[in-house]
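Count residues from 1 along the sequence.
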Amino acid sequence: MQAADTPYGQLELTLCIINDIDAPRFNIDRDAEGRDNCLGTLTRNIPEEIRAMEAGLCPHQVRPGLGLFRDFMGRFDRFAAWLGMDTMVAEPLSYNTAILYEQLGFDYLTGYGFMKWIDREFQPGGELARRLDGSTPFRQPDMGQSVRGRSWAIHDGILRCSWDGIRIYKTVGRTAAVSTFPDGRW
């Protein structure tokens, strides 16, 4: 876990990894030559990403998680309160992370309209649904119906724009009722 305080007196969660270290590892964090690629944000290792996707992982995951993030965030919320901070902020690395944060009571500082647009355009007849044309393993026609599928398609560049710029926040001790993919399954 990596956290920092912001100049505005907020607690920022910058990184949290809770992996099952006994589970198989997928080298999505390395390029084809074995160099670090910052969890697939600089370059991609497509064969490893395909293996990870087929194993049920989301983009940027090297191993399955332990299912402890929700519990961790409850504790992190109490930690922020103990520090006397009233707001937590984060920048989701991927679509699935943004949806997970929504489910944990976060709201959007920036990107809410973009997330609603993504949901609308993955609906039948939408622009993103039309781009699920089977041209890559990450763009299969049914992928718009799940959080994980959408996330892989977005990671594969289906948006044709940058994912950067989404910022979320949570008021300590409270939850927001935000859902940009209300019918979404994982």
What donor-acceptor contacts under 3.5 angstrom involve side-chain atoms of residues 4-11, with partners at least two apart or in another chain?
{"from": "Thr6", "atom 1": "OG1", "to": "Tyr8", "atom 2": "N", "distance (Å)": "3.1"}
{"from": "Thr6", "atom 1": "OG1", "to": "Gln10", "atom 2": "N", "distance (Å)": "3.1"}
{"from": "Thr6", "atom 1": "OG1", "to": "Gln10", "atom 2": "OE1", "distance (Å)": "3.2"}

Give every donor-acceptor pair under 3.5 Å between a side-chain atom in residues 85-92 and any protein atom, sequence neighbours left out.
none

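Applying the ring-ring contact (aromatic ring centres under 6.0 Å, His included) test to Tyr101 and every residue at least two apart in sequence or in another chain returns Phe69, Phe106. Under the ring-ring contact (aromatic ring centres under 6.0 Å, His included) criterion, Phe138 pairs with Trp152, sequence neighbours left out. Every residue two or more places apart in sequence or in another chain was checked for a side chain to side chain donor-acceptor pair (under 3.5 Å) with Ser179, and none qualifies. Here Ser94 pairs with Asn96, Thr97 under the side chain to side chain donor-acceptor pair (under 3.5 Å) rule; sequence neighbours left out. With sequence neighbours excluded, the residues that form a side chain to side chain donor-acceptor pair (under 3.5 Å) with Asp71 are Arg75. Among residues two or more places apart in sequence or in another chain, the side chain to side chain donor-acceptor pair (under 3.5 Å) test is passed with Arg131 by Glu127.
Atom CD1 of Ile21 is surrounded by 12 or fewer heavy atoms from other residues, nucleotides or ligands within 6.0 Å.
Within the structure, ring pair (Phe, Tyr, Trp, His ring centres under 6.0 Å) pairs that include any residue of residues 166-186 do not occur (at least two apart or interchain). Among residues at least two apart or in separate chains, ring pair (Phe, Tyr, Trp, His ring centres under 6.0 Å) pairs with a member in residues 10-62 are His60-His155. The side chain to side chain donor-acceptor pair (under 3.5 Å) analysis of residues 109-124, with sequence neighbours excluded, yields the pairs Asp119-Gln123, Asp119-Arg150. Listed by first and then second residue, the salt bridge (charged side-chain N to carboxylate O under 4.0 Å, His left out) pairs involving residues 37-56 are Arg44-Glu49, Arg44-Asp156, Glu48-Arg51 (not counting sequence neighbours).
Hydrophobic clustering keeps Leu93 apart from Trp163 (ILVMFWY residues linked when any side-chain heavy atoms are closer than 4.5 Å, directly or through intermediates). A single hydrophobic cluster is not seen to contain both Ile46 and Leu57; linkage of ILVMFWY side chains at heavy-atom distances under 4.5 Å, directly or through other members, places them apart. When the side chains of ILVMFWY residues are joined at heavy-atom separations under 4.5 Å, either directly or via intervening members, Ile158 and Ile28 end up in two distinct hydrophobic clusters. One hydrophobic cluster holds both Val172 and Met1 under the rule that ILVMFWY side chains link at heavy-atom gaps under 4.5 Å. Tracing side-chain contacts under 4.5 Å through hydrophobic residues (I, L, V, M, F, W, Y), one never reaches Leu109 starting from Val178; they form parts of separate clusters.
Listed for the Arg70 side chain is no donor-acceptor partner under 3.5 Å among the backbone atoms of Leu104. Formation of a donor-acceptor pair under 3.5 Å by the Asp20 side chain with backbone atoms of Leu66 is not found in this model. Counting only distance, with no hydrogens or angles, the side chain of Gln140 and the backbone of Leu132 share no donor-acceptor pair below 3.5 Å. Between the side chain of Arg130 and the backbone N or O of Gly125 there is at least one donor-acceptor pair closer than 3.5 Å.
Taking both residues in full, the closest heavy atoms of Ser146 and Gly149 are given as OG-N, 2.9 Å, listed atom of the first, atom of the second, then distance. In this structure, Tyr95 and Val147 approach most closely via the heavy-atom pair CD2-O, 3.8 Å. Between Arg139 and Ser135, the closest heavy-atom pair is CD-OG, 3.7 Å. Across Gly56 and Arg148, no two heavy atoms sit closer than the pair O-NE, 2.7 Å. Counting all heavy atoms, side chain and backbone alike, Cys161 lies closest to Phe114 at SG-CZ, 3.9 Å. Contact between Gly65 and Gln61 at its shortest, heavy atoms only, is N-NE2, 3.8 Å.
For the 3.5 Å distance criterion, the side chains of Asn27 and Arg25 qualify, holding a donor opposite an acceptor.
For the atom pair CG (Leu83) and CZ (Arg78), the distance works out to 13.5 Å, reported to the nearest 0.5 Å. For the atom pair CG (Leu42) and CG (Asp29), the distance works out to 11.5 Å, reported to the nearest 0.5 Å.
A salt bridge is defined here as a Lys NZ or Arg NE, NH1 or NH2 lying under 4.0 Å from an Asp or Glu carboxylate O, and Asp77 with Lys170 meets this definition.
Counting heavy atoms from C-beta on, the side chains of Thr180 and Ile118 never come closer than 4.5 Å.
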